[in-house]
Novice: 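Handing you this structure, nothing more for now.
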Amino acid sequence: MSHVHIIGGGLAGLSAAVELAPQAQVTLYEAGPACGGRARSFHDKALDCVIDNGNHLILSANPYTFRYLDLLGARGTLKGPGRPLFPWYDLEADLSWVLRLSKGRIPFWLFRKEHRVPGMRWGELMALPRLMKADDDMCVGECLSSGALSRRLLEPLAVSALNTDIEQGSARLLGNIVRQTLAKGGAACCPWTAAHGLSESFVTPAMAYLESFHAQILTGTRVSALREEGGRITALETSGGEVSLGAEDVVILAVPAPVATGLMPSITGPDAFESIANAHYRLAEPLKPHAALREAGFMGLVGGVAEWVFLHDEVLSVTVSAANRYASWQNDEMLAHMWQELRQALNPALQHPLPEVMPAARLIREKRATFAATPEQDKKRPEAKTSYANLALAGDWTDTGLPSTIEGAIKSGLAAVDALGFRSAVSDVA
Ligand SMILES: Cc1cc2nc3c(=O)[nH]c(=O)nc-3n(C[C@H](O)[C@H](O)[C@H](O)COP(=O)(O)OP(=O)(O)OC[C@H]3O[C@@H](n4cnc5c(N)ncnc54)[C@H](O)[C@@H]3O)c2cc1C
C-alpha cells in the first residue's frame with residue numbers, strides 16, 4: 001500500500017487525508033497542538049469559553065465542503081435558516097432590511113420591494129455579468145456602479161469573500177463566486193455556520209474518520225525541511241526526528257504559502273496577505289432575537305467598522321475583513337466602537353437590549369488570514385502538481401479558482417490527491 005505523508009492539518013490537509021485514508025497509508029504532520037489550522041475552535045482563557053478562530057460563513061453552493069461533511073457524517077453539525085435569508089443593517093442610514101432571495105434561477109425577489117435591497121437601481125445589476133466576464137487583470141471596483149445594491153450587497157459580499165477591498169480585489173475570483181451563487185439562484189445561496197464550533201464540524205469528525213482507517217495523526221510535529229534527490233522528496237526533517245521516504249512514498253505539502261515557499265524555495269506562491277479581525281463579546285445570558293435574526297443567527301452590517309455579527313449562545317462574534325486598514329486602531333478602541341454599532345443594529349431586533357457597558361471582550365487579529373486576493377497575487381498561485389515526482393501542493397492559496405475559503409482549501413486537498421495519481425473526486429464534484 002502506498003504511504004502518503006501530509007504536512008499540515010488545516011482543512012486542505014484534512015481533505016486530502018480523508019480522501020486518501022481508504023486508498024493508502026496516511027501520516028499527517030501538524031505543527032500545532034490540534035488540527036484545523038485557521039478553521040478551528042479553542043478555549044479562550046480570558047473569556048472562559050470556546051470560540052472559533054474566526055467566524056466562518058458557508059453557502060449551500062459549496063459542493064466540496066458539503067461532500068467532505070457528508071463523508072464524515074457531519075452535515076448535521078451546521079445550522080442555518082435553510083433558505084436564502086440575510087438580515088442587514090445600515091448604520092449610517094439607521095435602516096434594517098432582510099434580503100430574501102427566491103430559491104430558483106429566476107430572481108423573483110427583485111420584483112418585491114420588501115425582499116430586495118432598499119434603494120437599489122435595476123441598472124446596478126449589470127455588475128453581475130460584468131464580474132462573470134471579467135478578465136484576469138480587472139478589479140471588482142471596475143465592474144460595480146455606485147448605488148445601493150453595490151454599497152449594501154455587492155461591496156460587502158466582495159470584501160468578505162475576497163478579504164480584499166474592492167479597488168484591489170480580483171474581479172475574476174469574485175465573478176467565479178457570483179457564477180456559483182447568485183447566478184444559480186437563491187437555493188445556491190443559503191447561509192450555514194458551524195452550530196457548535198468549527199472544530200466540532202470540520203475537525204473532530206475528520207479525526208474519528210481517519211482513526212477508523214488507522215491513519216497516523218502526529219500533532220505537535222513540525223516539519224522543518226524536505227530533503228530532495230533526483231527530482232524526488234527522499235526524507236522529511238521533523239521535530240520528532242528524520243523520516244526517510246520509501247521509493248513509493250509521496251508527500252502533500254498543505255501548509256500556508258509562506259511556510260511552503262520557505263520549505264521549498266523553488267515553489268512560488270502569493271506573498272501579500274490581508275488580515276481579518278474578530279471580536280468576541282461574552283454576554284451575561286443568551287440573546288433573545290426576533291424573527292429573521294433568530295432564524296439566520298447572524299446579521300450583515302454596512303456603514304461602520306463591524307461587518308458581520310454572529311449570535312452564539314452567550315457570545316456575540318463580529319468579523320471585520322480586509323482589516324489591514326484598522327492596523328493603527330488600538331484593540332480596546334476597536335472593541336468599544338463596534339460594541340456601540342452592535343447596540344444600534346441589534347437592539348431593535350432583540351427582546352432585551354444589549355447593555356450600554358461593554359461586557360468582557362476579546363479582539364483577535366489574524367494578520368495573515370488570507371492571501372490578498374488581487375489579480376497580481378492570483379497569478380502567483382501554483383497548481384497542485386509540482387516538478388517533483390512525489391510531491392503535490394494543497395492549501396487555499398494554490399490555484400483553485402476561488403479565494404481563500406473553506407471551499408477552496410477542501411478542493412485543493414482533492415486536487416493534490418489527483419495530482420499524485422490517486423482516486424479523487426476533484427473533477428466530479430462541481
Ligand atoms: C479569521 C478568519 C475568518 C475566515 N472566514 C472564512 C469564512 O467565513 N468562510 C470561508 O470559507 N473561509 C474563511 N476563512 C478562510 C479559511 O479559514 C481558510 O481558507 C482555510 O481554513 C485554510 O485552510 P488551509 O488548510 O489551506 O490552511 P491552514 O488552515 O492555514 O492550515 C495549514 C496547517 O499547516 C500547519 N503547519 C504550518 N507549518 C507547518 C509545518 N512546518 N509542519 C507541520 N504543519 C505545519 C498549520 O499549523 C496549519 O494547521 C477565514 C479565515 C480566517 C483566518
Side-chain angles (χ1 to χ4, degrees), residues 5-17 27-40 51-59 61-62 64-65 68 157 159-163 177 191-194 198-199 202-203 206 217-226 236-240 243 251-264 269-270 273-280 298 307-308 310 317-323 363-371 373 381 393-398 400 402-413 415-416:
H5 302 261
I6 300 175
I7 307 170
L11 294 189
L14 288 177
S15 155
T27 302
L28 188 147
Y29 306 83
E30 165 54 45
C35 289
R38 278 169 277 159
R40 70 182 192 286
I51 54 177
D52 283 342
N53 181 48
N55 297 304
H56 282 62
L57 193 67
I58 300 147
L59 293 179
N62 287 166
Y64 292 98
T65 304
Y68 172 86
L157 171 71
V159 173
S160 54
L162 301 180
N163 194 31
I177 289 188
W192 295 95
T193 54
L198 290 166
S199 290
F202 290 95
V203 185
I217 314 290
L218 302 176
T219 51
T221 307
R222 181 175 297 278
V223 173
S224 52
L226 282 74
L236 308 177
E237 198 71 59
T238 82
S239 50
V243 179
V251 180
I252 294 179
L253 188 56
V255 293
V259 182
T261 53
L263 286 170
M264 300 295 294
F273 302 89
E274 256 292 356
S275 71
I276 298 180
N278 267 272
H280 304 276
F298 68 88
E307 292 172 344
W308 295 95
F310 294 82
S317 292
V318 178
T319 300
V320 183
S321 298
L363 188 77
I364 300 175
R365 299 181 198 246
E366 183 96 25
K367 287 206 175 111
R368 286 179 166 178
T370 69
F371 72 91
R381 300 169 77 184
L393 302 176
D396 61 355
W397 56 279
T398 57
T400 62
L402 298 168
S404 280
T405 50
I406 285 182
E407 178 74 354
I410 291 175
K411 181 181 179 188
S412 78

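Ligands are counted one by one from 1 in listed order, and the atoms in each one are counted from 1 as well.
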Novice: Between Thr370 and Arg38, does any side-chain donor sit less than 3.5 Å from a side-chain acceptor?
Specialist: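 Looking only at side-chain atoms, Arg38 and Thr370 do not form any donor-acceptor pair under 3.5 Å.
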Novice: Between CD of Glu274 and CG of Leu162, what distance do you get to the nearest 0.5 Å?
Specialist: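 Answer for the CD-CG pair, Glu274 versus Leu162, is 10.5 Å.
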Novice: Between ligand 1 and Leu57, is the shortest N or O to N or O distance under 3.5 Å?
Specialist: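 By distance alone, the answer is yes.
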Novice: Atom 23 (O) of ligand 1: which protein heavy atom is closest, and how many Å away?
Specialist: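 Looking only at protein heavy atoms, the one closest to atom 23 (O) of ligand 1 is Ala409 CB, 3.5 Å.
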Novice: Pick from Ile252, Leu11, Thr398, Leu393: which one makes a side-chain contact (heavy atoms from CB on, under 4.5 Å) with Ser412?
Specialist: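 The residue from Ile252, Leu11, Thr398, Leu393 that satisfies side-chain contact (heavy atoms from CB on, under 4.5 Å) with Ser412 turns out to be Thr398.
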Novice: Is ligand 1 under 4.0 Å from a heavy atom in the side chain of Val259, in the backbone, in both, or in neither?
Specialist: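 For Val259, only side-chain atoms sit under 4.0 Å from ligand 1.
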Novice: Who passes salt bridge (charged side-chain N to carboxylate O under 4.0 Å, His left out) against Glu366, sequence neighbours left out?
Specialist: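 Once residues adjacent in sequence are excluded, Glu366 has no partner under the salt bridge (charged side-chain N to carboxylate O under 4.0 Å, His left out) criterion.
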Novice: Mind checking whether Asp396 has an N or O less than 3.5 Å away from an N or O of ligand 1?
Specialist: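 Between Asp396 and ligand 1 (N or O atoms, distance only) the closest approach is under 3.5 Å.
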Novice: Below the 3.5 angstrom mark, is there an N/O of Asn53, backbone or side chain, next to an N/O of ligand 1?
Specialist: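 For ligand 1, there is no N or O atom that lies under 3.5 Å from one belonging to Asn53.
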Novice: May I ask you to test the Ile217-Glu30 pair for a side-chain heavy-atom distance under 4.5 Å?
Specialist: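 Ile217 vs Glu30: side chains apart.
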Novice: Output the list of atoms in ligand 1 that are nearer than 4.0 Å to some heavy atom of Gly54, sorted by atom number.
Specialist: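 Going through ligand 1 atom by atom, the ones under 4.0 Å from Gly54 are 1 (C).
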Novice: Would Thr27 and Ile6 satisfy side chain to side chain contact (heavy atoms under 4.5 Å, CB included), going step by step from the backbone distance to the final call?
Specialist: CA-CA 6 Å; Thr27 302; Ile6 300 175; over 6 Å; no
Novice: I need the Ser275 OG to Arg365 CZ distance, nearest 0.5 Å.
Specialist: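 Result: 7.5 Å between the selected atoms.
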Novice: Please name the pair of heavy atoms, one in Tyr68 and one in Ala206, separated by the smallest distance, quoted to 0.1 Å.
Specialist: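 Shortest heavy-atom contact: OH-CB, 3.4 Å.
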Novice: How far is atom 6 (C) of ligand 1 from its nearest protein heavy atom, and which residue and atom name does that atom have?
Specialist: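 Heavy-atom neighbour on the protein nearest atom 6 (C) of ligand 1: His56 CD2, 3.3 Å.
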Novice: Among all protein heavy atoms in this structure, tell me which lies nearest to atom 48 (C) of ligand 1, with the distance rounded to 0.1 Å.
Specialist: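 Of every protein heavy atom, Glu30 OE1, 3.5 Å lies nearest to atom 48 (C) of ligand 1.
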Novice: Could you tell me whether the side chains of Thr65 and Glu407 share a donor-acceptor contact shorter than 3.5 Å?
Specialist: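 There is such a pair (donor and acceptor under 3.5 Å, judged by atom type) between the side chains of Thr65 and Glu407.
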Novice: About how many Å separate CG of Leu253 and OG1 of Thr261, when rounded to the nearest 0.5 Å?
Specialist: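 Reported to 0.5 Å precision, the distance equals 9.5 Å.
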Novice: Is the closest N or O pair between Asn278 and ligand 1 shorter than 3.5 Å?
Specialist: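 The answer is no, given that Asn278 and ligand 1 share no N or O pair closer than 3.5 Å.
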Novice: Among protein heavy atoms, which sits nearest to atom 39 (C) of ligand 1, and what does the distance come to when rounded to 0.1 Å?
Specialist: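 So the nearest neighbour among protein heavy atoms is Val255 CG1, 3.6 Å.
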Novice: So is there a nitrogen or oxygen of Gly395 less than 3.5 Å from a nitrogen or oxygen in ligand 1?
Specialist: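 No.
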Novice: Using a heavy-atom cut-off of under 4.0 Å, does the side chain or the backbone of Cys35 touch ligand 1, or both, or neither?
Specialist: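 Within the 4.0 Å criterion, Cys35 makes no contact with ligand 1.
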Novice: Need the ligand 1 atom indices (1-based, order shown) with element for anything under 4.0 Å from a heavy-atom of Pro256.
Specialist: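 This gives 30 (O), 32 (C), 34 (O), 37 (C) as the contact atoms.
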Novice: Atom CZ in Arg222, atom OG1 in Thr238: separation rounded to 0.5 Å?
Specialist: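 Here the interatomic distance stands at 11.5 Å.
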Novice: Please check this pair: side chain of Ser321 against backbone of Asn163, looking for a donor-acceptor N/O pair closer than 3.5 Å.
Specialist: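 Pair absent, no side-chain N/O of Ser321 close to backbone of Asn163.
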Novice: How many angstroms lie between CD1 in Ile406 and CZ in Phe202, if you round to the nearest 0.5 Å?
Specialist: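 Between Ile406 CD1 and Phe202 CZ, I get 4.0 Å after rounding to 0.5 Å.
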Novice: Quick one: look up the protein heavy atom nearest atom 31 (O) of ligand 1 and list residue, atom name and how far away it is.
Specialist: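 Looking at atom 31 (O) of ligand 1, the protein heavy atom closest to it is Gly10 CA, 3.3 Å.
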Novice: Any nitrogen or oxygen of Ala31 lying under 3.5 Å from a nitrogen or oxygen in ligand 1? Just yes or no.
Specialist: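 Yes.
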Novice: Got an N/O contact under 3.5 Å between Leu11 and ligand 1?
Specialist: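 Yes - when backbone and side-chain N and O of Leu11 are compared with those of ligand 1, one distance drops under 3.5 Å.
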Novice: Which bit of Arg222 is near ligand 1, meaning a heavy atom under 4.0 Å away: side chain, backbone, both or neither?
Specialist: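 The answer is both, backbone and side chain.
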Novice: Would you mind checking which non-hydrogen protein atom is closest to atom 10 (C) of ligand 1, with the distance to 0.1 Å?
Specialist: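 For atom 10 (C) of ligand 1, the nearest protein heavy atom is Ile406 N, 3.5 Å.
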Novice: Which heavy atom of the protein is the closest neighbour of atom 2 (C) of ligand 1, given with residue, atom name and distance?
Specialist: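 Its nearest protein heavy-atom neighbour is Ile276 CD1, 3.5 Å.
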Novice: Does ligand 1 have an atom that lies less than 4.0 angstrom from a heavy atom of Ala254?
Specialist: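 For ligand 1, residue contact (heavy atoms, under 4.0 Å) with Ala254 is present.
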Novice: Using a strict cut-off of 4.0 Å, indicate which atoms of ligand 1 neighbour a heavy atom of Tyr29.
Specialist: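 Once the distances to Tyr29 are compared, the set is 43 (C), 44 (N).
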Novice: What is the distance from atom OG of Ser160 to atom CD of Glu307, rounded to the nearest 0.5 Å?
Specialist: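 Answer rounded to 0.5 Å: 7.0 Å.
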Novice: Taking Pro403's backbone N and O only, do any of them form a donor-acceptor pair with Thr405's side chain (distance below 3.5 Å, no angle check)?
Specialist: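 Yes; judged by distance alone, with no hydrogens or angles, the pair exists.
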Novice: Please say whether Ala12 places an N or O atom under 3.5 Å from an N or O atom belonging to ligand 1.
Specialist: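 Among all N and O atoms of Ala12, at least one is under 3.5 Å from an N or O of ligand 1.
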Novice: Given that the side chain starts at C-beta and the backbone is N, CA, C, O, which of these parts of Thr405 lies under 4.0 Å from ligand 1, counting heavy atoms, or is it both or neither?
Specialist: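 It is both parts that get close, each with some atom under 4.0 Å.
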Novice: Identify the protein heavy atom lying closest to atom 34 (O) of ligand 1, giving its residue, its atom name and the separation to 0.1 Å.
Specialist: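 Protein heavy atom at minimum distance: Gly8 CA, 3.4 Å.
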Novice: For ligand 1, which atoms, with element, lie under 4.0 Å from some heavy atom of Ala39?
Specialist: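 In order of number, 21 (O).
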Novice: At less than 4.0 angstrom from any non-hydrogen atom of Ser404, what atoms of ligand 1 do you find?
Specialist: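 What qualifies from ligand 1 is 15 (C), 19 (O).
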Novice: Heavy-atom contact under 4.0 Å between Asn55 and ligand 1?
Specialist: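 Contact present.
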Novice: Quick test of your reading of the structure: of Arg38, Glu407, Glu274, whose heavy atom lies closest to atom 27 (O) of ligand 1?
Specialist: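 Ranked by closest heavy atom to atom 27 (O) of ligand 1, first place is Arg38.
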Novice: Should Phe310 and Thr193 count as side-chain neighbours, where that means a heavy-atom distance under 4.5 Å?
Specialist: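 Sidechains of Thr193 and Phe310: in contact.
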Novice: For ligand 1, note which part of Thr221 has a heavy atom under 4.0 Å away: side chain, backbone, both or neither.
Specialist: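 For Thr221, the contact with ligand 1 is made by the backbone alone.
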Novice: List in chain and number order the residues that pass side-chain hydrogen bond (donor to acceptor under 3.5 Å, both in side chains) with Ser404, two or more places apart in sequence or in another chain; answer none if no residue qualifies.
Specialist: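 With neighbours one apart ignored, the set is Asp396.
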